[in-house]
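Heads up: the structure comes next, in structure tokens.
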Amino acid sequence: MLTAHPGLPEFDYIKPTTLPEASQFLAEHAGEARPFLGGTDTFVRLRDGAWKDKYLVDVKHLDGMQTLAFDPAAGLTVGAAVNMNRVIAAPEVQAHYPLLAEAAHTVASYQLRTRATLVGNACNASPAGDTVGAGLVLNAELLIFGVDGGRRAPLATFFRGPGKTTLRPGDIVTAIHYPLPPAGHAGRYLKLGRNALGDLAIVGVTALGYRDPAAPSGYRFRLALASVAPMPLRPVQAEALLSDQPLSEAGLQAAAEAAAAAATPIDDVRGGAEYRRLMVRNLTRQALRDVWQRLG
Amino acid sequence: MAMHRITFTLNGARERVEVPSNQTLLQLLRERLALTGTKNGCTAGECGACTVLWNGEPVNSCLVLAVECDGTEVVTVEGLAHDRQLDPVQTALLEAGGVQCGFCTPGVLLSARALLDRNPRPSDYEIRDALTGNLCRCTGYLRIIEAVKAAARAAEPA
């Protein structure tokens with residue numbers, strides 16, 4: 001819902017100087033304070049009246065939040081406040097995590113990505129989050145600072161429903177970590193929007209594949225579906241089909257059908273459920289073809 | 001509601017203002033500093049009419065809090081021309097006929113300026129991609145895209 005009035009409701013802007021201070025404030029004001037990064041979702045929700053927080057806690061300047069670091073032995077860590085344009089342009093991301101850059105590039109527009117972040121995309125817990133699928137197939141973990149100190153949480157078990165996560169009062173996600181992807185992997189994010197660029201996903205399909213001599217087919221694939229279930233989804237039966245039987249065009253079709261069967265889409269303003277299910281099948285088949293071709 | 005004293009650079013000059021927590025950069029520019037070149041369209045980061053440059057990068061000013069601008073640099077469409085000379089993207093947009101009602105124009109100019117700053121010779125696709133967040137309901141975009149190409153050509157050494 002859009003409103004013609006530019007004003008945000010009243011709240012107090014809080015800028016703590018340390019993570020413990022920020023976490024303690026958030027815990028003490030549970031239910032009436034939230035951390036914010038780029039505000040691309042937060043401000044819209046406040047404006048629409050969906051959220052009524054008394055305090056917005058700016059955490060972008062806190063320790064490690066602006067760091068993007070690649071370790072050839074451990075992987076990529078992206079601080080919570082690193083914006084998506086920086087992720088997309090980072091040579092380490094382009095070299096080792098091109099799937100992540102591809103997915104982030106489909107988010108809204110350049111000027112929105114000046115503010116949008118990977119961590120914010122995860123914490124927003126939208127079923128349509130474009131960069132979440134890449135995180136799922138790359139086995140990403142969230143680094144969380146809470147009142148009891150730091151912990152790591154796999155992205156795979158982070159979501160509890162639309163807009164809902166396992167975060168507790170006082171928790172601040174400080175970074176997202178992507179382990180090293182499988183050697184020689186190829187990835188693809190295909191997104192169907194109402195426009196070629198800039199829209200929310202009606203359906204999003206993330207595919208990652210790599211050669212594995214231990215798999216019966218010689219390959220393993222990981223898939224993630226966006227915008228077709230209450231939460232981002234890994235269609236594991238489709239993945240199993242691709243590793244258990246020799247790869248063929250018919251095999252890709254069967255996996256695509258299995259992915260469509262795993263989806264539980266709804267009808268909404270962007271698309272009908274049946275249309276979405278068919279598009280899951282078609283985009284999954286296309287993404288798998290692209291990945292298989294690149295693996296050779 | 002808390003008030004915050006902020007200092008920032010606006011179109012090259014230092015500004016010191018006191019802002020409430022919930023004031024957006026868009027409101028600060030238009031309603032307080034009377035810089036109405038920046039337009040208020042959707043207030044949701046969709047239309048790009050409120051685009052300004054923030055530390056050199058285009059951003060939707062409806063989705064930035066004024067208080068976040070403390071210590072930063074903001075350029076609006078009013079700051080694009082220098083020494084009574086229009087910026088090359090302004091000249092090119094005029095010459096190409098890329099302006100009709102004008103509501104999207106300030107945002108388009110700043111997105112285009114930022115594109116040419118980071119990529120002086122963009123392809124057609126890169127121009128369309130960079131302007132995805134600037135909706136125009138009049139021109140059909142073709143003349144805007146031609147203008148950005150012309151501005152890029154004009155900046156090349158002869």
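To find a chain, count down the sequence lines: A is the first, B the second, and so on, and within it residues start at 1. Values in this document were obtained by computation on a predicted structure and should not be read as measured data.
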field: A/N85 versus chain B, the contacting section by heavy-atom distance below 4.5 Å
entry: side chain

- prompt: A/D12 versus chain B, heavy atoms under 4.5 Å apart: side chain, backbone, both or neither?
  reply: both

query: What part of A/K60 is in contact with chain B, defined as an atom under 4.5 angstrom from a non-hydrogen atom: side chain, backbone, both or neither?
result: side chain

task: For each of B/V64, B/T51, B/L63, tally heavy-atom pairs with chain A at distances under 4.5 Å, and name the one with the top tally.
output: B/L63

- prompt: Which heavy-atom pair separates A/R47 from B/T43 by the least distance, and what is that distance?
  reply: NH1-O, 2.6 Å

message: Please give me the minimum heavy-atom distance between A/Q111 and B/S111, naming the atom from each residue.
response: NE2-OG, 3.6 Å

task: Can you measure from CZ (A/F36) to CG (B/L65) and round to the nearest 0.5 angstrom?
output: 5.0 Å

- line: B/T132 and A/L197 have their tightest heavy-atom pair at OG1-CD1, 3.5 Å

task: Might you point out which heavy atoms bring A/S109 and B/G133 nearest each other, and give the distance in Å?
output: CB-CA, 3.2 Å

field: Structural part of A/Y55 lying under 4.5 Å from a heavy atom of chain B
entry: neither

field: CZ (A/R86) with more than 12 external heavy atoms under 6.0 Å
entry: yes

Value rounded to 0.5 Å, distance of CG in A/L8 from OG in B/S21: 10.5 Å

query: Can you tell me how far the OG1 atom of A/T40 sits from the CD atom of B/E46, to the nearest 0.5 Å?
result: 10.5 Å

Least distance between heavy atoms, B/M1 atom then A/F11 atom: CG-O, 3.1 Å

- prompt: Side-chain contact, heavy-atom cut-off 4.5 Å: A/H105 with B/D129?
  reply: yes

- prompt: Roughly how far apart are B/N22 CG and A/L46 CG, rounded to 0.5 Å?
  reply: 9.5 Å

query: Between B/H4 and A/Y13, which heavy-atom pair has the shortest distance, and what is it?
result: CE1-O, 3.5 Å

- request: Decide if atom CZ of A/R289 counts as having more than 12 heavy atoms of other residues, nucleotides or ligands within a radius under 6.0 Å.
  value: yes

B/N119 atom CG: more than 12 heavy-atom contacts under 6.0 Å: yes

task: Mind checking the CZ-CD spacing from A/R115 to B/E57? Nearest 0.5 Å is all I need.
output: 13.0 Å

query: For B/R118, is it the side chain, the backbone, both, or neither that has a heavy atom closer than 4.5 Å to a heavy atom of chain A?
result: side chain

